[in-house]
Peer 1: 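Once you've had a glance at the structure underneath, I'll fire off some questions.
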Amino acid sequence: MAGAFGAHGLRHIVSERGLEVFQTAVSYQMYHALALVVASMMPALRLNHRLLTIACGFWLAGIFLFSGSLYLLVMTGAHWLGPVTPMGGVCLMIGWALLAAAALKR
């Protein structure tokens, strides 16, 4: 839904660069939403439940910080949000590292 809004609703409102940034936010949100769904099935593979839960928490935080800051940046022009975006990216990477640790711990 966010992608459709960006493609159609923002086309005549923001710059081409703004649309690219919005699409990046949509893509990362979708990738990590899918990761959350897949991670919810991983306890069946006997992966460490605690590490998976923490990974999912980092992915959720990363989605809000990374994608959320980019959405707000594009829609409001609030450039002070710029430093928030990398913190979200770090949260996303920590989530992936925790998933790898859960797999290795198995």
Side-chain angles (χ1 to χ4, degrees):
M1 198 163 71
F5 173 71
H8 301 291
L10 294 178
R11 180 176 296 163
H12 301 293
I13 299 173
V14 300
S15 68
E16 276 297 315
R17 178 69 182 134
L19 289 175
E20 290 173 15
V21 169
F22 195 89
Q23 183 57 46
T24 298
V26 170
S27 296
Y28 276 75
Q29 180 181 351
M30 179 59 77
Y31 298 147
H32 291 89
L34 290 172
L36 286 166
V37 171
V38 171
S40 73
M41 294 181 262
M42 287 190 174
L45 299 174
R46 298 177 188 226
L47 294 186
N48 185 289
H49 188 307
R50 183 172 178 272
L51 288 175
L52 285 175
T53 300
I54 297 169
C56 289
F58 273 99
W59 284 332
L60 284 172
I63 288 169
F64 281 108
L65 294 172
F66 184 84
S67 294
S69 67
L70 290 179
Y71 290 142
L72 288 172
L73 177 68
V74 169
M75 297 191 357
T76 68
H79 291 283
W80 61 267
L81 289 165
V84 174
T85 307
M87 290 188 300
V90 169
C91 287
L92 297 173
M93 289 186 280
I94 291 170
W96 287 110
L98 288 167
L99 175 63
L104 291 172
K105 196 167 185 174
R106 181 175 185 256

Peer 1: For the hydrophobic clusters of this structure (ILVMFWY residues joined by side-chain heavy atoms under 4.5 Å, transitively), does one cluster hold both Val38 and Leu60?
Peer 2: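 Same cluster: Val38 reaches Leu60 through Ile, Leu, Val, Met, Phe, Trp or Tyr contacts under 4.5 Å.
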Peer 1: Just how far is it from atom CG of Leu70 to atom CD of Gln29, taken to the nearest 0.5 Å?
Peer 2: 11.0 Å
Peer 1: Please check if Tyr28 and Val90 belong to a single hydrophobic cluster, counting links between Ile, Leu, Val, Met, Phe, Trp and Tyr side chain heavy atoms closer than 4.5 Å.
Peer 2: no
Peer 1: Search all heavy atoms of Phe66 against all heavy atoms of Gly89 and return the closest pair with its distance.
Peer 2: CD1-N, 3.9 Å
Peer 1: Side chains of Trp59 and Ile94: does their closest heavy-atom pair fall under 4.5 Å?
Peer 2: no
Peer 1: Rounded to the nearest 0.5 Å, what separates atom CE in Met41 from atom CG in Leu47?
Peer 2: 12.5 Å
Peer 1: For the residue pair Leu51 and Ala101, what are the closest heavy atoms and their distance?
Peer 2: CD1-C, 3.9 Å
Peer 1: Could you state the interatomic distance from CH2 (Trp80) to OG (Ser69), rounded to the nearest 0.5 Å?
Peer 2: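 Output value for this atom pair is 9.5 Å.
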Peer 1: I'd like to check Phe58 versus Leu92 (side-chain heavy atoms, cut-off strictly below 4.5 Å). Are they in contact?
Peer 2: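 They are not in side-chain contact.
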Peer 1: Which atoms form the tightest heavy-atom contact between Ala25 and Ser67, and what is the distance?
Peer 2: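 Minimum heavy-atom contact is O-OG, 2.8 Å.
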Peer 1: When rounded to the nearest 0.5 angstrom, what distance separates CZ in Arg50 from NZ in Lys105?
Peer 2: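 Arg50 atom CZ to Lys105 atom NZ measures 7.5 Å (nearest 0.5 Å).
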Peer 1: First locate atom CZ of Phe22, then atom CE of Met75, and finally report the distance between them rounded to the nearest 0.5 Å.
Peer 2: 6.0 Å
Peer 1: Got a second to check how far Leu104's CG is from Asn48's CG, nearest 0.5 Å?
Peer 2: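 Atom-to-atom, Leu104:CG and Asn48:CG are 11.5 Å apart.
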Peer 1: Quick check on the hydrophobic clustering: are Val84 and Val74 connected, directly or via other members, by side-chain heavy-atom contacts under 4.5 Å?
Peer 2: no
Peer 1: Step by step, work out the side-chain contact (heavy atoms from CB on, under 4.5 Å) result for Leu52 and Leu99.
Peer 2: CA-CA 6 Å; Leu52 285 175; Leu99 175 63; 3.6 Å; yes
Peer 1: Step through the shown structure and confirm whether more than 12 heavy atoms of other residues, nucleotides or ligands are within 6.0 Å of CE on Met87.
Peer 2: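 Yes.
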Peer 1: Ignoring hydrogens and geometry, is there a side-chain-to-backbone donor-acceptor pair from Ser40 to Val37 under 3.5 Å?
Peer 2: yes
Peer 1: Might you point out which heavy atoms bring Leu65 and Cys91 nearest each other, and give the distance in Å?
Peer 2: CD1-SG, 4.1 Å
Peer 1: For the residue pair Val26 and Tyr71, establish whether any side-chain heavy-atom pair is separated by less than 4.5 Å.
Peer 2: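 When only atoms from C-beta onward are counted, Tyr71 and Val26 do touch, with a gap below 4.5 Å.
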Peer 1: Are Leu36 and His32 close enough, and set up right, to give a side-chain contact (heavy atoms from CB on, under 4.5 Å), and what steps lead you there?
Peer 2: CA-CA 6 Å; Leu36 286 166; His32 291 89; 5.7 Å; no
